Amino acid sequence: MTSTPRRVIAHLDIDAFYASVELRRRPELRGLPVIVAGSGPRAVVTTASYEARRFGVDSAMPAARARALCPDAIVIAPDFEAYRRASGEVWSLVREQVPVIQSAGIDEAYLELSEEPFPVALLRALVQNVRERTAMTLSVGIGPSRLVAKTASAHFKPAAFVAMSREQAVAHFAAHPPRVLQGIGPKTAERLIALGIRTVGELQAAPTQLLAQRFGERMARELHARAHFFDDSPVEPVRIAKSRSSELTFPTDVADAAALERALVGMAHELGEGLRARGRRARTIAIKVRLDDWTTVTRARTVEHFTNDSETIAVISLELLRAYAPVRPVRLLGVRVASFEDESPAPSPQSPVQLVLPV
DNA sequence: TCTGGGGTCCTAGGACCC
DNA sequence: TCTGGGGTCCTAGGACCC
């Protein structure tokens with residue numbers, strides 16, 4: 001193996017982002033438990049302030065459960081337009097200092113700092129500047145990989161500022177559950193427990209053969225690498241979307257076919273509009289149907305010609321829905337488009353060049 | 001008191017072609 | 001008459017992340 005150049009990557013995460021935006025414009029709520037969540041019967045928590053988290057409230061929790069855990073919490077309806085603006089403020093300040101940034105959602109980003117002579121000093125100044133100019137607090141993890149940086153910032157937030165080597169991460173997280181590693185979710189964690197693996201350290205020591213038997217070669221290699229914090233994935237500043245979707249969970253389950261079709265057509269038009277606004281066209285149109293018993297079905301069709309026409313997307317979506325014809329009440333309905341033009345070489349029945357050549 | 005919405009990536013199997 | 005293997009495209013489901 002050849003020696004690899006030194007890498008320095010930072011992961012930045014805005015603390016309790018949505019709640020912080022709300023507190024900034026309503027300072028009288030500072031120090032109080034604040035929950036940002038929708039009001040519908042099926043709403044979930046988008047963010048909770050740290051005061052609310054002390055009651056066990058957390059993101060993605062049903063709002064009703066959050067209210068039960070923390071009855072005194074102030075619940076605020078999300079204002080995504082405001083969050084989008086606030087996010088822009090923060091990341092444009094960061095971009096003034098660091099050219100190579102990969103956004104990872106509205107409130108996170110990875111920074112490539114390998115060429116930076118004094119990355120820690122730069123980041124200190126950046127955190128200070130962001131705090132003064134936006135009233136947002138960043139948590140910062142610094143390491144030789146995205147995995148180390150991310151795990152560090154996530155573990156030490158809020159207001160984290162931690163640099164770790166790979167070896168330090170291997171030692172520091174050895175006693176923690178494998179869930180701390182990005183890519184190991186609840187299902188994989190359960191399967192690991194079934195193998196008697198309850199910590200990152202136990203995963204580090206697990207025989208690769210055992211992991212391969214249980215998870216397959218590829219996943220086994222991946223698990224082993226992650227447990228040892230090996231990760232050479234690059235910071236990718238430009239990522240082009242591969243699909244777009246729109247979906248809706250109904251406040252109560254819907255059995256009426258006409259009502260389902262109206263919802264589907266609405267989402268198809270929304271998607272078509274978004275594609276046209278971005279100058280993109282797709283060949284695959286798919287629907288997603290979640291029934292009242294939570295079974296989820298997808299149906300897709302790939303057509304010959306790229307399109308961003310709302311009517312076309314609507315017609316194909318309707319055909320897919322009618323062909324599936326859900327027999328139980330529907331909880332969620334969605335439309336998705338993918339296989340974009342310019343994303344991969346498009347199938348060309350005849351080469352356009354040949355078409356215009358004289359015989 | 002049940003579980004949002006927007007994405008990415010992986011796997012497995014079938015169709016089809018050579 | 002029977003049998004092969006590889007490659008690509010597509011669909012469906014599932015895990016995971018923010």
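Since the model is a prediction, treat every value here as computed from it, not as a measurement. Protein chains get the first letters and strands the later ones, always in sequence-line order, with residue 1 at the start of each.
For Phe173(A) and Phe229(A), the gap between ring centers is short of 6.0 Å.
Arg244(A) comes within 4.0 angstrom of the backbone, heavy atoms only, and of no base. The residue Ser246(A) sits close only to the backbone: its heavy atoms come under 4.0 Å of sugar-phosphate atoms, none of a base. Counting non-hydrogen atoms under 4.0 angstrom, Pro41(A) reaches the backbone sugars and phosphates but no base.
At dT8(B), one or more side-chain N or O atoms of Ser243(A) fall inside 4.0 Å of OP1 or OP2 (strictly under the cut-off). Applying the 4.0 Å criterion to OP1 and OP2 of dC10(B), one finds that Arg218(A) has a side-chain N or O inside that range. Considering only side-chain N and O atoms, Arg331(A) lies under 4.0 angstrom from the phosphate OP1 or OP2 of dG4(B).
Between the side chains of Gln209(A) and Gln213(A), no donor N or O sits under 3.5 Å from an acceptor N or O.
In this structure, the CZ atom of Arg280(A) is 11 Å from the P atom of dG7(B), given to the nearest Å. Here the C1' atom of nucleotide dG5(B) and the CZ atom of Phe250(A) are 14 Å apart, to the nearest Å. Arg278(A) has its CZ atom 12 Å from the P atom of dG6(B), to the nearest Å. Rounded to a whole Å, the CG atom of Asp292(A) is 14 Å from the C1' atom of dC2(B). Across the protein-nucleic acid pair, Leu275(A) atom CG and dG6(B) atom P stand 14 Å apart, rounded to whole Å. Here the C1' atom of nucleotide dC2(B) and the CG atom of Asp253(A) are 12 Å apart, to the nearest Å. As rounded to whole Å, 18 Å separates atom P of dC2(B) from atom CG of Leu332(A). Remark: C1' of dG4(B) and CE of Met61(A) are 14 Å apart, rounded to the nearest angstrom.
The only member of Val98(A), Val94(A), Leu12(A), Leu138(A) that meets side-chain contact (heavy atoms from CB on, under 4.5 Å) when paired with Leu123(A) is Leu12(A). No option in Leu321(A), Asp292(A), Leu291(A) other than Leu291(A) meets the side-chain contact (heavy atoms from CB on, under 4.5 Å) test with Val330(A).
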| Candidate pair Leu223(A) and Met219(A), rule side-chain contact (heavy atoms from CB on, under 4.5 Å), full reasoning | CA-CA 6 Å; Leu223(A) 288 171; Met219(A) 177 97 172; 4.1 Å; yes
| said: Walk me through whether Arg24(A) and Glu89(A) qualify under salt bridge (Lys or Arg N to Asp or Glu O under 4.0 Å). | reply: CA-CA 13 Å; Arg24(A) 188 169 71 164; Glu89(A) 289 174 42; 3.1 Å; yes
| request: Report the C-alpha separation of Glu304(A) and Arg283(A) in whole Å, then their side-chain angles, then the decisive distance to 0.1 Å, and conclude whether the salt bridge (Lys or Arg N to Asp or Glu O under 4.0 Å) test is met. | output: CA-CA 7 Å; Glu304(A) 191 176 348; Arg283(A) 286 173 60 226; over 6 Å; no
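The separation of dT3(B) from dC18(C), taken at their P atoms, amounts to 23 Å, rounded to a whole angstrom.
Nucleotides of DNA chain B nearest to Ile240(A) and Asp293(A) differ in position, and the one nearer the 5' end is that of Asp293(A).
When distances are taken from the side chain of Val44(A) to each of dG5(B), dT3(B), dT1(B), the shortest belongs to dT3(B). Of all nucleotides listed (dT8(B), dG6(B), dT3(B)), dG6(B) comes nearest to the side chain of Glu247(A). Of the candidates dT8(B), dT3(B), dG5(B), dG5(B) carries the atom nearest the Leu248(A) side chain, counting heavy atoms from C-beta on. Here the side chain of Ala64(A) is nearest to one of dT1(B), dG5(B), dG6(B), namely dT1(B).
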| Base-pair map of DNA chain C as dot-bracket, where | denotes pairing with a different strand and pairs are Watson-Crick or G-U under 3.5 Å | ....||||||||||||||
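Under a 3.5 Å cut-off, the side chain of Ser139(A) and the backbone N or O of Ala159(A) do form a donor-acceptor pair. Between the Thr296(A) side chain and the Trp294(A) main chain, a donor and an acceptor come within less than 3.5 Å of each other.
Under the 4.0 Å criterion applied to side-chain N and carboxylate O atoms, Arg226(A) and Asp231(A) are not assigned as salt-bridge partners.
Across Pro234(A) and Arg7(A), no two heavy atoms sit closer than the pair CA-NH1, 4.0 Å.
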| task | Scan nucleotides 11-18 of chain C nucleotide by nucleotide, 5' to 3', and note B when protein non-hydrogen atoms come under 4.0 Å of the base, S if they reach only the sugar-phosphate, - if neither. | result | SSS-SSSS
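In dC2(B) the base sits syn relative to the sugar, since the glycosidic angle is no further than 90° from 0.
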